[in-house]
Amino acid sequence: VEHESLLCDQKITAAAAKNSGGIVIAQVKRIAANDSIPSRQVAIPGALVDCVVVVDEKDVPECHPMSYVEHHNSSLIGELKTPRDSIEKMPLNIRKLIARRAFFGLKPNTIVNLGIGLPEGVAAVAAEEDMLSYITLSTEPGVFGGLPASGHNFGPAYNAVALMEMNQMFDFYDGGGLDLCCLGAAEVGPNGDVNVSRMSKDRLTGPGGFIDISQSTQNICFMTPMTVKGLEVSAGDGKLNIEQEGKVKKFVNSVYETTFSGDEAVRRGQKVFYVTERAVFRRSSESDVIELIEIAPGVDLQKDVLDQMAFEPKVSPELRLMDPRIFTDAKMGAASDFFGSLDDRITYDADKHTIYFDLFGIMLNSQDDIDWFEKALREVLTGLCAEKGPINMVANYDGFDLGKGLEDYYSEKIGSISDEFYKTIVRYTGSAFQRAKLKQQMSMQEWNPDDLFEEFDQDESGKLSIEELREGFASHFHMQLSPAQIHLFQLGDDQRVDREAFEQGVKAVLAEKEAQDGK
């Protein structure tokens with residue numbers, strides 16, 4: 001299988017056929033002598049095979065393709081790496097506009113699944129923005145890393161870093177291994193239900209891996225045009241223009257078949273967003289219908305959004321514009337959004353007068369970049385050191401990138417900051433930094449349950465919603481709660497948490513986290 005772009009499920013398929021009294025026929029390119037293939041390279045044990053058929057690739061090339069359209073591509077099987085600059089840039093069309101907005105949901109060091117169709121564009125946008133190496137994209141046939149192939153090539157990936165069998169990949173997905181999935185949507189209902197499996201009595205598409213992926217992933221981004229059948233748009237100067245409206249609405253009163261339940265997602269504590277070329281919606285426990293949270297610059301709220309829906313969504317009182325960079329042909333330059341600002345990277349422990357500084361993903365490619373970095377860091381440190389004097393610095397340099405030839409200039413600038421502001425400095429790479437940071441964050445003794453409950457209770461209702469739990473943990477503990485961790489908080493019938501359940505839940509989550517970190 002050295003020229004197969006995927007491992008697929010040959011082994012378990014052969015075993016199932018053999019155990020069921022069937023006949024196993026293996027199609028091969030050539031025959032090797034008995035016992036000449038090293039055991040670790042054997043894809044299917046010979047004992048499972050009843051018959052071997054040799055099909056010479058030169059005589060019948062259509063019998064050995066790597067995909068529906070690729071006969072042979074060395075970058076799909078790891079024989080060579082495709083240069084990043086050879087990846088074709090997407091044109092600025094509806095697909096790219098939607099993919100660009102979905103891209104802003106990606107975070108560094110996360111594992112993401114991209115569905116077929118519109119979601120494939122997210123990978124192309126990540127490559128264009130030079131962010132592909134900071135996330136792990138995956139596809140259900142068993143690919144980790146690289147750039148997933150699109151269209152009729154879907155399944156394998158260019159420059160993949162690892163492969164596993166499809167059944168193993170779904171075990172990983174079903175276990176909650178994904179941080180985010182981007183999936184298509186044929187229909188969206190008022191409460192956030194999604195249909196992808198059946199469009200009419202006589203038109204059954206089937207869900208594929210959609211249900212496994214969507215039910216087991218904490219963060220979900222559904223991607224769809226607002227309308228179809230004739231929709232034409234243009235974008236430029238940071239604005240969107242609807243040239244011609246589509247005849248068919250995608251946001252309907254009732255989906256023909258429920259492949260994904262919005263109500264069930266709320267019960268499970270999932271974060272669900274619906275991204276179109278002109279608007280972004282979300283479903284939360286705060287409303288029984290989806291909520292409009294963003295619209296594109298240049299569109300009319302009533303005519304271009306609300307009138308193109310078969311139902312009335314909730315409109316957020318904090319409705320904001322989509323990022324105007326989405327609607328320009330130039331590269332967005334989204335690194336700062338992807339990795340967060342300098343303030344987002346710094347955690348200050350006032351009791352220990354210590355800064356935890358995460359430099360992952362920072363790229364300094366010129367002296368101007370270094371000057372900006374020095375100025376921004378100096379501004380932060382000046383305020384923190386004004387009263388208590390020199391500070392303790394714990395820095396994570398894993399994933400930090402300094403341009404060639406800039407070492408001396410960087411050392412000079414950062415050296416002056418060290419002399420002026422640092423009492424001590426410890427530099428880490430990788431998980432050692434996280435352990436150092438979490439050690440001070442995760443101790444329950446440093447958090448009073450009653451005070452913490454009051455801080456989490458933003459609406460002062462005396463009970464916490466799932467959103468308040470998530471936001472509180474993200475702010476105070478720098479943790480993203482999984483659906484399984486949400487269930488540690490004994491939710492009431494109203495899907496809220498009282499003080500007693502909150503205290504017990506926090507203890508359970510922190511104990512679980514400390515055990516995972518090996519404390």
Inset, instruction - Apply side chain to side chain donor-acceptor pair (under 3.5 Å) to Q308 and list each qualifying residue two or more places apart in sequence or on a separate chain. - result: none

Legend entry - Aromatic ring proximity F273/F104, centre distance under 6.0 Å: no

Inset, instruction - Could you pull out all residues at least two apart from F281 that satisfy ring pair (Phe, Tyr, Trp, His ring centres under 6.0 Å)? - result: F251

Inset, instruction - Flag the pair D457 and R499 as a salt bridge only when some basic side-chain nitrogen lies within less than 4.0 angstrom of an acidic carboxylate oxygen. - result: no

Legend entry - N-O pairing of K463 and D494 below 4.0 Å: yes

List the atom pairs, donor and acceptor, that lie under 3.5 Å between side-chain atoms in residues 232-242 and the rest of the protein, sequence neighbours left out.
from	atom 1	to	atom 2	distance (Å)
S234	OG	E243	OE2	2.6
N241	ND2	E243	OE2	2.9

Just list the side-chain donor-acceptor pairs under 3.5 Å for residues 183-191, sequence neighbours left out, or say none.
from	atom 1	to	atom 2	distance (Å)
E187	OE1	N195	ND2	3.0
E187	OE1	Y256	N	2.8
N191	OD1	D193	N	3.2
N191	ND2	D193	OD1	3.4
N191	ND2	D263	OD2	3.2

Legend entry - Residues, nucleotides or ligands: over 12 heavy atoms within 6.0 Å of D171 CG: yes

Inset, instruction - Scan side-chain atoms only and decide if S285 and Q495 contain a donor-acceptor pair under the 3.5 Å cut-off. - result: no

Inset, instruction - Scan side-chain atoms only and decide if Q485 and E512 contain a donor-acceptor pair under the 3.5 Å cut-off. - result: yes

Inset, instruction - For the pair Q270 (side chain) and S214 (backbone), establish whether a donor and an acceptor sit closer than 3.5 Å, ignoring hydrogens and angles. - result: yes

Legend entry - salt bridge (charged side-chain N to carboxylate O under 4.0 Å, His left out) against R95, all qualifying residues, sequence neighbours excluded: none

Inset, instruction - For Q218, enumerate each residue passing the side chain to side chain donor-acceptor pair (under 3.5 Å) test, keeping only those at least two apart in sequence or located in another chain. - result: none

